[in-house]
Amino acid sequence: EKALAAAQDGDTITLRGPLEIENAAPIEISKNIILNLNGFTLSKPREEALLRILGSNVAIINGTVQNTYSSKPVKAVEVGKLDHTGAKLTLDNVILKGSQANGLSGSGLSIRSGNEAAVMSGTFNGGIYTEGTLTMSGGSADQLELGALDGIQVTLSGGSFDSIKIENGAGYQSLLAAGYAYQKQGGALLKLSEMNQNTAVTVVKCSHPDDPSDGNVCPYCGYAAAVTKTDGSISYHRTTGEAIAAADGGTVKLLANAGELTIGSPLKLDLNGKTAAKLTVTGEVTLASLLPEGCAFKSGNTWITDLTGTEL
């Protein structure tokens, strides 16, 4: 606490050894500092969170925070508090352990409404509970649980979870960053329609495998097409029509089979091994102009060489 009192915004506080905190009150971090645990453990038995984050740009890295309270399960780290918003915590290479009692574990990390956490890597014993904003690109948690409040923002582009529990009715697709999917741990991609809170998953980049159900969106990530613009930026779209409209001279890549496509402005069309039921060009667009370099159209087993028309 003396180090926190002396610290200024932007400073790094580094542990020099394991530390068991003795004071009764929670440690509140309201300054924008980096807490480098330096491979050690910060611990305390407390009936509330061990650390409470109130600053708008706080980071905890490289070590363990453990609540050792033995009478009931209690969280280890909390972002925000009642009537406090705007706190943000970044976590990298950490282990957050909620206390254990009667066979139950408190959350390693808890995020209050109006506050935010960004997880780069780490292990969350007891899981992550959020009513606020969570972005996660790596790490693992026993459980990810969304509270009952509407509008909770979660964006997953990585991470492994033994369970994902949603209490506010949001869909599992809404948690995924665009172009990502759930994968059974050690197994294949999981269709969104098959995802439930009892399935252990890892979030991975979606490979958009062929779908024998012949749907018009990838059943794993929920998108129909991706657009790569000429500046290299990539966006994902739930319909091919939206993707074509957004192309602006870039490349539209199908992520699932498509129905009838009509293209009236210049772009490249990457069918990506998928099938379009019909392709029509209008205006000054030609069928030949749609093809990326080195690509060709195919109907069944026949390669199409005559591209002088306006339909395929």
Side-chain angles (χ1 to χ4, degrees), residues 90 116 118-120 133-138 151 153-159 170-183 189 191-192 202-211 214-299 303-304 307-312:
T90 298
E116 179 178 356
V119 177
M120 313 301 289
T133 298
L134 171 67
T135 58
M136 193 163 177
S137 57
Q153 296 183 9
V154 173
T155 305
L156 305 177
S157 57
Y172 281 100
Q173 184 190 9
S174 70
L175 310 186
L176 292 170
Y180 284 79
Y182 298 108
Q183 182 185 60
L189 292 182
K191 290 185 178 182
L192 291 167
T202 298
V203 175
V204 298
K205 194 77 172 174
C206 188
S207 58
H208 319 292
D210 288 339
D211 175 31
D214 198 33
N216 290 143
V217 297
C218 173
Y220 305 99
C221 70
Y223 289 91
V227 172
T228 302
K229 292 195 173 181
T230 54
D231 63 2
S233 62
I234 300 175
S235 60
Y236 288 82
H237 302 269
R238 300 186 192 278
T239 70
T240 52
E242 291 174 359
I244 290 168
D248 194 23
T251 298
V252 174
K253 180 179 180 179
L254 297 190
L255 307 180
N257 293 336
E260 296 184 4
L261 302 181
T262 299
I263 300 174
S265 57
L267 57 81
K268 297 297 182 183
L269 180 62
D270 181 357
L271 293 176
N272 190 32
K274 313 302 183 186
T275 298
K278 182 179 179 181
L279 177 59
T280 302
V281 292
T282 63
E284 297 181 1
V285 178
T286 66
L287 293 171
S289 72
L290 299 178
L291 285 170
E293 185 175 353
C295 293
F297 292 120
K298 188 177 185 182
S299 178
W303 293 102
I304 299 172
L307 300 179
T308 58
T310 60
E311 287 186 0
L312 290 179

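Along the sequence shown, residues are numbered consecutively beginning with 1.
Rounding to the nearest 0.5 angstrom, the gap separating the CG atom in L134 from the CD atom in Q153 is 11.0 Å. From Y220, atom OH reaches atom CG of L192 across 10.0 Å, with rounding to the nearest 0.5 Å. Of the inter-residue distances, the one linking H208 atom NE2 with L255 atom CG reads 4.5 Å to the nearest 0.5 angstrom. Atom CG in L291 sits 9.5 Å away from atom CD1 in I304 (nearest 0.5 Å).
A donor-acceptor contact shorter than 3.5 Å links the side chain of Q173 to the backbone of C221. Remark: side-chain polar atoms of K268 are not paired, donor with acceptor, to backbone N or O of G249 under 3.5 angstrom.
Between Y180 and K205 the shortest heavy-atom distance is CD2-N, 3.5 Å. For A178 against Y236, the heavy-atom pair with the smallest separation is CB-CD1, 3.6 Å. Closest non-hydrogen pair, A225 versus V252, comes out as CB-CG1, 4.1 Å. The shortest heavy-atom contact between L267 and A247 is CD2-CB, 3.8 Å. Between V217 and A256, the shortest heavy-atom distance links the atoms C-CB, 3.4 Å. Nearest approach of A224 to T240, heavy atoms of both residues: CB-N, 3.9 Å.
Residues H237 and T239 have side chains that never bring a donor and an acceptor to within less than 3.5 angstrom of each other.
The aromatic rings of Y182 and Y172 lie perpendicular to each other, with more than 60° between the two planes, well past the 30° mark.
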Applying side chain to side chain contact (heavy atoms under 4.5 Å, CB included), run through C218 and Y223 and close with a yes or a no.
-> CA-CA 5 Å; C218 173; Y223 289 91; 5.7 Å; no
Which is it for L189 and S207 under the side chain to side chain contact (heavy atoms under 4.5 Å, CB included) test, yes or no, and what are the steps along the way?
-> CA-CA 9 Å; L189 292 182; S207 58; 3.6 Å; yes
Please assess L176 against V203 for the test side chain to side chain contact (heavy atoms under 4.5 Å, CB included), listing each intermediate value before the final yes or no.
-> CA-CA 8 Å; L176 292 170; V203 175; 3.8 Å; yes
Can L269 and I263 be said to form a side chain to side chain contact (heavy atoms under 4.5 Å, CB included), step by step?
-> CA-CA 10 Å; L269 180 62; I263 300 174; 4.2 Å; yes
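Taking the side chain as every heavy atom from C-beta outward, T251 and V227 never approach each other to under 4.5 Å. With contacts defined as side-chain heavy-atom distances shorter than 4.5 Å, the pair M120/T90 qualifies.
The one candidate from L271, L261, T262 that meets the side-chain contact (heavy atoms from CB on, under 4.5 Å) condition with L279 is L261. Shown are N257, N216, D210; of these, the side chain to side chain donor-acceptor pair (under 3.5 Å) with K274 is made only by D210. Applying the side-chain contact (heavy atoms from CB on, under 4.5 Å) test between L307 and each of V281, L287, T286 identifies L287 as the sole match.
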